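Only a predicted model underlies this, so the values are computations on that prediction, with no experimental measurement involved. By convention in this document, chain letters (A, B, ...) are assigned in the order of the sequence lines, proteins followed by strands, and residues within each chain are numbered from 1.
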Protein chains: 2
Amino acid sequence: MQDAETLAEQPPAGADEERPANSREKGLNRVLHILEFLHANQRAIGVGELAKGLNAPRSTTYTLVRELVEAGLLEMAGDGNRVYFGKKLYLYGMAYMRGNDLLRRGRQEVDTLSRETGETSELCMLQSGRYTIVHSSPGTRPFRISSATGLQIPLPWTASGRLLLAGLDRGRIEAMVTQDDLVLPDGRKIELDDFIDDIGKARVTGYCVTSGLVDAYTKCLAAPVFSAPGKVEATMCLVVPIDTSEDRTGELLTVLRERAARLSIS
Amino acid sequence: MQDAETLAEQPPAGADEERPANSREKGLNRVLHILEFLHANQRAIGVGELAKGLNAPRSTTYTLVRELVEAGLLEMAGDGNRVYFGKKLYLYGMAYMRGNDLLRRGRQEVDTLSRETGETSELCMLQSGRYTIVHSSPGTRPFRISSATGLQIPLPWTASGRLLLAGLDRGRIEAMVTQDDLVLPDGRKIELDDFIDDIGKARVTGYCVTSGLVDAYTKCLAAPVFSAPGKVEATMCLVVPIDTSEDRTGELLTVLRERAARLSIS
DNA sequence: AGTATCTGTCCTGTATATCATACATGCGTC
DNA sequence: GACGCATGTATGATATACAGGACAGATACT
């Protein structure tokens with residue numbers, strides 16, 4: 001990092017991307033980072049730790065946090081030092097849900113799907129270019145396969161990712177996938193071309209199954225939810241043990257696709 | 001447009017506070033106002049309309065909205081002009097709920113309570129000095145008495161308000177209640193002293209019933225939820241027709257208080 | 001045609017929000 | 001007691017985010 005500084009001032013430089021420096025940052029941006037940080041850590045965090053974690057000046061962090069707490073977007077946690085999300089965010093979130101048929105109905109479908117099948121079921125959407133688990137309902141197996149709502153995962157790691165990108169042209173797909181995204185947790189690398197092929201296939205077949213991508217023990221079945229003909233707005237998916245039989249997988253897939261289709265009517 | 005201006009150009013008014021001028025406003029504040037405005041209107045709103053509604057310069061509003069959309073806190077609604085809450089807010093809201101036992105369990109209790117009794121049931125909390133319906137579950141009556149989640153109502157209008165302020169001294173209560181709050185929708189005025197008396201009584205009896213305050217047709221039964229001995233963190237309440245018999249009211253009150261007490265253990 | 005009212009972008013000056021620094025307090029450990 | 005490392009507050013300097021207005025394009029009504 002020091003190299004950059006030693007070199008010289010940073011004039012506008014390259015035509016692309018603004019990375020002026022470490023100088024002043026807009027308050028709003030700082031706030032957005034604070035929220036992201038809290039979301040990533042899923043727990044109350046002290047103001048000092050926040051400032052450190054975001055490379056933000058302490059003084060600014062204090063004022064911003066105070067303002068956010070006053071506004072109700074954040075709340076002081078028990079000991080009066082740490083902060084976490086506040087009621088206002090919950091209220092806004094519920095308002096979003098109320099205004100969003102797809103989400104509201106999708107949550108129900110997912111819940112009943114996992115109750116009926118006993119498997120973990122999820123509703124997934126594209127969220128600023130990333131795959132996001134919007135709602136998940138754990139299965140009834142003794143050892144549950146569960147993942148946190150709001151978790152963001154590289155698109156190429158998932159079956160849903162392949163469906164969510166169906167219909168996009170190569171350029172847009174490339175823009176959404178970084179090199180890191182193509183490397184699986186176990187180190188294997190997915191070729192971009194293979195990924196794009198998969199997307200094409202998924203688009204045609206109307207579903208997608210992946211095995212042992214995110215981890216070695218699970219298989220992922222996904223079906224698209226359309227908001228308009230050809231436009232994939234979300235996916236429903238089932239996460240099952242990788243040794244699930246062909247037959248059962250087929251059955252599950254049928255139920256899954258049925259429910260996803262029902263959601264699409266909207 | 002003239003009305004809007006007359007409305008908004010409110011000089012300091014009663015409660016002192018800093019209202020230096022109409023000059024520059026912080027971006028973050030503008031954003032907070034945007035969120036509040038959307039929440040108040042419960043629908044997607046065009047950028048121009050937003051700017052007008054908030055007395056904010058158009059140019060600033062455009063940039064802020066763009067940033068918020070990029071961040072995922074807001075989303076463009078269908079026609080590409082209006083904006084409303086975004087998925088991020090939903091995700092943050094869910095994170096808040098996960099991290100908040102009381103809320104999570106309270107929602108369940110409210111749902112089962114309204115299923116058992118057939119009456120509309122609500123979970124209420126204090127939110128930056130105002131009474132807020134955090135979760136509500138409609139009853140099964142042919143004509144439902146329902147109110148929107150997130151709605152904020154003056155404390156003196158409600159039974160829950162009397163419980164939520166239990167334990168606070170007179171000064172703090174006065175600080176939370178404006179003159180306007182003491183005037184009911186039908187024009188009647190509540191005396192501050194009476195209100196404070198009510199709070200004292202509610203505190204002792206451990207419940208509160210009000211009749212025909214917000215409207216002429218409903219009665220409101222409320223019971224406190226404690227987060228620590230003496231500290232009222234929330235209330236559960238039932239909204240029933242005003243002509244509900246004494247007997248039934250008594251029964252409902254018993255069930256309500258039982259459930260509220262169970263929530264309090266935490 | 002003209003007029004009016006939208007939307008969205010771009011530019012410039014300046015009021016000010018951000019930042020660095022310093023200070024007060026608390027709470028450990030040596 | 002002296003030191004280190006926290007948290008929280010206060011202050012002044014300056015880079016910059018905001019306000020305001022000009023601009024181009026759309027839509028609509030006369």
Take the angle between the ring planes of B:Phe85 and A:Tyr92 and call it parallel below 30°, perpendicular above 60°, tilted in between.
parallel

From B:Leu263 CG over to B:Glu233 CD, what is the distance, rounded to the nearest 0.5 angstrom?
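Rounded to the nearest 0.5 Å, the CG-CD separation comes out at 11.0 Å.
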
Starting at CZ of B:Arg82, measure out to CG of B:Leu50 and round the result to the nearest 0.5 Å.
10.5 Å

Nearest to the side chain of B:Pro57, which nucleotide is it out of D:dG8, C:dT7, D:dG20?
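Side chain of B:Pro57 sits closest to D:dG20.
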
Just compare C:dG8, C:dC6, C:dC19 and give me whichever is closest to any side-chain atom of B:Lys52.
C:dC6

Could you give the [atom1]-to-[atom2] distance, from [X] to [N], as a whole number of Å?
{"X": "A:Leu64", "N": "D:dG8", "atom1": "CG", "atom2": "P", "answer": "15 Å"}
{"X": "B:Asn55", "N": "D:dG20", "atom1": "CG", "atom2": "P", "answer": "11 Å"}
{"X": "A:Tyr62", "N": "C:dT18", "atom1": "OH", "atom2": "C1'", "answer": "17 Å"}
{"X": "B:Leu32", "N": "C:dA17", "atom1": "CG", "atom2": "C1'", "answer": "15 Å"}
{"X": "B:Glu25", "N": "D:dG20", "atom1": "CD", "atom2": "C1'", "answer": "16 Å"}
{"X": "A:Asn29", "N": "D:dT16", "atom1": "CG", "atom2": "P", "answer": "13 Å"}
{"X": "A:Leu54", "N": "C:dC19", "atom1": "CG", "atom2": "P", "answer": "11 Å"}
{"X": "A:Glu49", "N": "D:dC5", "atom1": "CD", "atom2": "C1'", "answer": "14 Å"}

Polar pair under 3.5 Å, donor/acceptor by atom type, side chain B:Arg58, base C:dG8
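Flag set: donor-acceptor pair detected.
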
Please evaluate the base of C:dA15 for a donor-acceptor partner in the side chain of B:Arg24 within a cut-off of under 3.5 Å?
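Yes, the side chain and the base share a sub-3.5 Å donor-acceptor pair.
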
Using OP1 and OP2 only, check whether a side-chain N or O of [X] sits under 4.0 Å from [N].
{"X": "A:Thr60", "N": "C:dC19", "value": "yes"}
{"X": "A:Lys26", "N": "D:dC18", "value": "yes"}
{"X": "B:Asn81", "N": "C:dC6", "value": "no"}

So does B:Glu122 pair up with B:Arg107, basic N to acidic O under 4.0 Å?
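Salt bridge between B:Glu122 and B:Arg107, a charged N being under 4.0 Å from a carboxylate O: no.
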
Base, sugar-phosphate, or nothing for A:Arg66, non-hydrogen atoms under 4.0 angstrom?
sugar-phosphate

In terms of the nearest nucleotide of DNA chain C, which residue is placed more toward the 5' end: B:Gly48 or B:Ser59?
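With B:Gly48 and B:Ser59 compared, the 5'-side residue is B:Gly48.
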
Please tell me which of B:Thr61 and A:Gly46 maps to the more 5' nucleotide of DNA chain D, matching each residue to the nucleotide holding its nearest heavy atom.
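The residue mapped nearer the 5' terminus is A:Gly46.
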
Pick the nucleotide of DNA chain D nearest each of B:Leu28 and A:Gly80; which residue has the one closer to the 5' end?
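Its nucleotide being nearer the 5' end, the pick is A:Gly80.
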
For side chain to side chain contact (heavy atoms under 4.5 Å, CB included), just list the numbers for A:Leu74 and A:Leu35, CA-CA rounded to whole Å, side-chain angles, deciding distance to a tenth of an Å, and then say yes or no.
CA-CA 9 Å; A:Leu74 299 185; A:Leu35 296 176; 4.0 Å; yes

